[in-house]
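By convention in this document, chain letters (A, B, ...) are assigned in the order of the sequence lines, proteins followed by strands, and residues within each chain are numbered from 1.
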Protein chains: 2
Amino acid sequence: MELKPLKSFIAVATLKSFSAAARELHTVQPAISRHIAALEKELGTLLFIRNTRDVHITAAGRQLFTDATRILQQAEEAVLRTQKAANGELGSLKVGYLPSACLTFIPDLVQRFHSQYPDVEISLFEMTASEQLLAFETNHIDIGISRPLPQELQTTFTSQLLYTDQLTLVLPSQHALAQRQSIRLDDLRQEHIILFQREEAVGLFDSIINLCQRHHFSPHISAQPKHMQTVLTMVAAGLGVAIAPLCVSKLFTQGCRFMPIEDDHTQVLTQMHYRSSRLAPTAQAFVNIASESVPWIQNSVQA
Amino acid sequence: MELKPLKSFIAVATLKSFSAAARELHTVQPAISRHIAALEKELGTLLFIRNTRDVHITAAGRQLFTDATRILQQAEEAVLRTQKAANGELGSLKVGYLPSACLTFIPDLVQRFHSQYPDVEISLFEMTASEQLLAFETNHIDIGISRPLPQELQTTFTSQLLYTDQLTLVLPSQHALAQRQSIRLDDLRQEHIILFQREEAVGLFDSIINLCQRHHFSPHISAQPKHMQTVLTMVAAGLGVAIAPLCVSKLFTQGCRFMPIEDDHTQVLTQMHYRSSRLAPTAQAFVNIASESVPWIQNSVQA
DNA sequence: TCACAGTCATACGGATTGAGTATCAATAAA
DNA sequence: TTTATTGATACTCAATCCGTATGACTGTGA
């Protein structure tokens, strides 16, 4: 069964006339007759009872009419939906992100996207950087937001800057240094330093280590949690001090004190990553929206 | 858009291979390539990303896949449904019937039909005979069950006997004759007779009149209700006596007494009627079931 | 490294399909 | 009765679509 004969059938059923149906479909009456005859042969049933003057639909024809109408409508809709999917206006989108770096802007960014692409089902996943890489492998996310990726991944992934942050010192409230307005790196030589796990941000981790080395000390690293919130919790517990992106101050910070580091100007980057090849149209749409939003994101983070 | 290319598309999407799809569809690979190319041209989008080694579906292709699958399935189902409709196994059926004549067997008959034709939506309408004729005109019923039709309608309608009943006398319980075991027509010369409206059963009405005339009296007809229940109510109210089919004894009969008429052997027929031309398949199915059920109906009425 | 096997795309020829023309039979209206 | 219109049918021709042959490309295995 093909759709063209079904269109003829619907025209005949609607207009109750083979000739009129032919005129409507910009063809000739014998073509319509053949379409109907072919359908009737395929179905083994009369669809119309026609003498040369009147055309009456049969019970079988009535049934086919309802089905054929729906089928043709769905065929039309399928075309539109496929085209929308190609434009990223329809489909699904899965985004993984570092909560510590994204909590301030992700809700608004997603809302922006949703208002412009209401038919895209967007799924959000809080993930560490290494979880994101795993999720890329298994196609569980289309887009990941985290720190810059290690060198060797920068060919398979494309990255785009969302905002830049600075480093801050995080001390326990009761710490001896906690009353100062700012601090210098040299002051930290004797401190136990709590750093996040290296895999979560290789570049940042290494540049912090380098920073210490430039000030002629190797930090006493007492733990490497995966989650920034854990870093803060450990600081609050008095287990050490942390050097972390300032954005962590948006997390639960009870018992922590944040203090600028005078002699550091490290730029901490938050980037959006996606596979360089075969970017889903919905993901492309998200990338566009996010790119447009960069100035606004930078603002919202500093506020 | 036609269905054949969609079938090719689904095969390719399923097997992730043009060649394999061709084998599955008993055709050759270039045909598949052309189908996909045609779809892609019509939709203005790539459906697959293929190098000569791998075939990957695109987001647009994924969307089309879900839609196309549904469309093809519905096309198959449409064929089956249309054929079922042609066999009377699917559709609707509207039956009008005289409640007084049918109450005893209609529920079971409908249940028989429904168990054999579960996908037919059957509608029941209590109707007088004249209401049935009107309903036939406006296609509100396919089948009517009532008394034999007047002669002039017996060409446009086909009728089939369901059961035969006999006449009975209905008297008020307090009537002078109410204590007798049976009665003869001659005994009724002085009685006011309540008869149903002539249009509701022309033949029966006239044969009752003739019956009286053969016994040399014209009945004093005091009213002609359309509904048999009204006849009984009027008898119970003492407004007269009635001659009616025995089946009315299944109605609400308080205040009425039924009495055989010794010298009458009139056969009261209950028939199923339908238009001689263009009988809906569902109606044909019902007619068949009803025909098979005739012996059983006859029994159920006499019980 | 190279030949091979298997992929999809493309070009071409032929068969099939399908549309359009002409015409017929039937029927309602004039 | 005539006329106009309907749907069915026969026929012709054109478009389409299939199948074959072939090419370009790429993993695979020797």
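Ring geometry for A/F48 versus A/F18: interplanar angle over 60°, hence perpendicular rather than tilted (30 to 60°).
Remark: of the listed residues A/R198, A/K226, A/E200, A/E200 is the sole one forming a side chain to side chain donor-acceptor pair (under 3.5 Å) with A/S130.
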B/S/- along nucleotides 10-22 of chain C (protein heavy atoms under 4.0 Å) is BB-------BBBB
Scan nucleotides 28-30 of chain C against the protein and return all N/O pairs shorter than 3.5 Å with their distances rounded to 0.1 Å.
| unit_1 | atom_1 | unit_2 | atom_2 | d |
| --- | --- | --- | --- | --- |
| C/dA28 | O4' | A/R53 | NE | 3.4 |

What does the list of N/O pairs under 3.5 Å between the protein and nucleotides 14-16 of chain D look like, with a distance for each?
none

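When the side-chain nitrogen and oxygen atoms of A/R50 are compared with OP1 and OP2 of D/dT6, none of them lie within a distance under 4.0 Å. OP1 or OP2 of D/dG7 has at least one side-chain nitrogen or oxygen of A/S17 nearer than 4.0 Å. Close to D/dG7, at under 4.0 Å from its OP1 or OP2, lies a side-chain N or O of A/S19.
Within a 6.0 Å radius of CD in B/E76, other residues, nucleotides and ligands contribute 12 heavy atoms or fewer. Open room surrounds NE2 on B/H140; 12 or fewer heavy atoms of other groups in view lie less than 6.0 Å from it.
B/R112 is linked by a salt bridge (charged side-chain N to carboxylate O under 4.0 Å, His left out) to nothing, counting only residues two or more places apart in sequence or in another chain. Listed by chain and number, the residues in a side chain to side chain contact (heavy atoms under 4.5 Å, CB included) with B/H114 amount to none (sequence neighbours excluded).
Residues A/T270 and A/R147 approach most closely at OG1-NH1, 2.7 Å, considering heavy atoms. When every heavy atom of A/N87 is checked against every heavy atom of A/P281, the shortest pair comes out as C-CB, 4.1 Å.
Rounded to an integer number of Å, the gap from CZ of B/F18 to P of D/dG19 is 17 Å. Taking atom NE2 on B/H56 and atom C1' on C/dC8, their separation rounds to 14 Å, with Å as the unit. The CD1 atom of B/I36 sits 14 Å away from the P atom of D/dC17 (whole-angstrom rounding). If you measure from atom NZ of B/K16 to atom P of C/dC8, you get 13 Å, rounded to the nearest angstrom. For the pair A/I49 CD1 and D/dA8 P, the computed distance is 13 Å after rounding to whole Å.
Looking at B/S33 and B/Q29, their side chains do bring a donor and an acceptor atom within 3.5 Å of each other. A/T45 and A/E40 form no side-chain donor-acceptor contact under 3.5 Å, judged by distance and modelled atom types alone.
Applying the ring-ring contact (aromatic ring centres under 6.0 Å, His included) test to every pair with at least one member in residues 270-290 of chain B, sequence neighbours left out, gives these pairs: B/F113-B/F286.
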